[in-house]
Q: 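Can you read through this structure? Questions will come right after.
Nothing here was measured: the structure is a model prediction, and the numbers come from that model. These numbers come from the heavy atoms of this one structure, side chains and all, not from hydrogens, waters or symmetry mates.
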Amino acid sequence: ALKDTETRLNAENDSLRSELARHVALHESMQKIEASLSTRGNEFQNRLEGEVATLTATLSSEKSQHSLAVEKLQNQLADAELSFRDAEKQKEAALGKALSAKDDLIKANGE
């Protein structure tokens with residue numbers, strides 16, 4: 001009977017050791033998966049941070065270029081407005097001269 005109990009206890013002990021080894025292997029496997037996921041997460045975060053930095057720099061550059069283009073167009077518009085006003089003044093002066101010449105011609109013909 002003692003021999004049977006010893007055999008049974010040894011078998012139970014072997015079963016528990018096998019179960020423990022399985023749990024240890026499962027735990028190690030879980031740790032590897034966690035490490036892999038953590039590494040992937042860090043790589044993904046680093047890649048995204050790089051993309052954000054690149055996009056931020058690009059946006060800043062484009063805003064600067066846009067501002068310069070708008071300023072250039074505003075200056076061109078101001079120049080065009082000045083040219084238009086100058087042309088209007090020249091037109092008014094020319095019309096004034098033409099009217100004066102017409103009046104002089106009418107006076108000369110009337111005399």
Side-chain angles (χ1 to χ4, degrees):
L2 189 59
K3 188 76 169 166
D4 288 343
T5 302
E6 183 181 347
T7 303
R8 186 178 53 77
L9 286 175
N10 281 338
E12 213 173 289
N13 193 16
D14 288 344
S15 174
L16 289 173
R17 283 188 180 149
S18 175
E19 176 98 9
L20 179 61
R22 194 172 61 76
H23 282 283
V24 167
L26 181 61
H27 181 70
E28 288 173 354
S29 179
M30 292 286 287
Q31 285 179 325
K32 287 178 186 177
I33 290 170
E34 288 173 353
S36 174
L37 289 174
S38 177
T39 299
R40 280 193 219 157
N42 289 337
E43 289 170 355
F44 184 69
Q45 182 176 355
N46 290 339
R47 192 178 84 234
L48 287 179
E49 287 172 354
E51 287 178 16
V52 166
T54 299
L55 290 173
T56 300
T58 300
L59 179 61
S60 177
S61 173
E62 287 180 1
K63 279 183 180 180
S64 177
Q65 289 174 1
H66 177 71
S67 293
L68 289 174
V70 167
E71 186 178 338
K72 182 180 176 184
L73 289 172
Q74 286 172 335
N75 289 337
Q76 288 175 344
L77 179 59
D79 289 346
E81 287 174 351
L82 288 175
S83 294
F84 177 76
R85 287 188 194 129
D86 188 45
E88 283 286 315
K89 286 178 185 176
Q90 290 176 9
K91 177 182 136 187
E92 300 271 328
L95 284 174
K97 285 181 183 179
L99 285 175
S100 178
K102 182 180 174 185
D103 289 342
D104 289 348
L105 184 59
I106 290 171
K107 285 180 188 175
N109 283 337
E111 292 177 2

Q: Nearest 0.5 Å, what's the OG-CD distance between S67 and Q74?
A: 9.5 Å
Q: Is the backbone of A25 close enough, under 3.5 Å, to the side chain of S29 for a donor and an acceptor to pair up by distance?
A: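 Pair absent, no side-chain N/O of S29 close to backbone of A25.
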Q: When you look at NE2 of H23, are more than 12 heavy atoms from neighbouring residues, nucleotides or ligands closer to it than 6.0 Å?
A: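 Counting neighbours around NE2 of H23, more than 12 heavy atoms of other residues, nucleotides or ligands fall under 6.0 Å, so yes.
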Q: Does S18 reach the main-chain N or O of D14 with its side chain, forming a donor-acceptor pair under 3.5 Å?
A: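 No: the side chain of S18 does not pair with the backbone of D14.
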Q: In Å and rounded to the nearest 0.5 Å, what is the OG1 to CD distance from T7 to E12?
A: 12.5 Å
Q: Would you say the side chain of Q45 lies within less than 4.5 Å of the side chain of L48, judging by non-hydrogen atoms?
A: no
Q: With distance as the sole test, does S64 use its side chain to make a donor-acceptor pair with the main-chain N or O of S60 at under 3.5 Å?
A: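 A pair under 3.5 Å: no.
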Q: Rounded to the nearest 0.5 Å, what separates atom CD in Q76 from atom CD in E71?
A: 11.5 Å
Q: Would H27 and Q31 count as having a side-chain donor-acceptor pair, cut-off 3.5 Å?
A: yes
Q: Under a 4.0 Å N-O cut-off, is there an ion pair linking R47 with E51?
A: yes
Q: Is a donor on one side and an acceptor on the other found under 3.5 Å between the side chain of T58 and the backbone of T54?
A: yes
Q: Measuring from atom CG of L95 to atom CD of Q90, what distance do you get when rounded to the nearest 0.5 angstrom?
A: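 Atom-to-atom, L95:CG and Q90:CD are 12.0 Å apart.
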Q: Taking C-beta and beyond as the side chain, do E49 and N46 meet within less than 4.5 Å on heavy atoms?
A: yes
Q: With rounding to the nearest 0.5 angstrom, report the CG to NE2 distance, L59 to H66.
A: 11.5 Å
Q: Inspect the contact between R22 and E19 and indicate whether a charged nitrogen and a carboxylate oxygen are less than 4.0 angstrom apart.
A: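 Judged by the 4.0 Å cut-off on N to carboxylate O distance, E19 and R22 do form a salt bridge.
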Q: Of R40, E34, K32, which meets side chain to side chain contact (heavy atoms under 4.5 Å, CB included) against S36?
A: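 Among R40, E34, K32, the one that satisfies the side chain to side chain contact (heavy atoms under 4.5 Å, CB included) with S36 is R40.
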Q: Could you walk me through whether D4 and R8 pass side chain to side chain contact (heavy atoms under 4.5 Å, CB included), step by step?
A: CA-CA 6 Å; D4 288 343; R8 186 178 53 77; over 6 Å; no
Q: To the closest 0.5 Å, what do you measure between CG (D86) and CG (L82)?
A: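 D86 atom CG to L82 atom CG measures 8.5 Å (nearest 0.5 Å).
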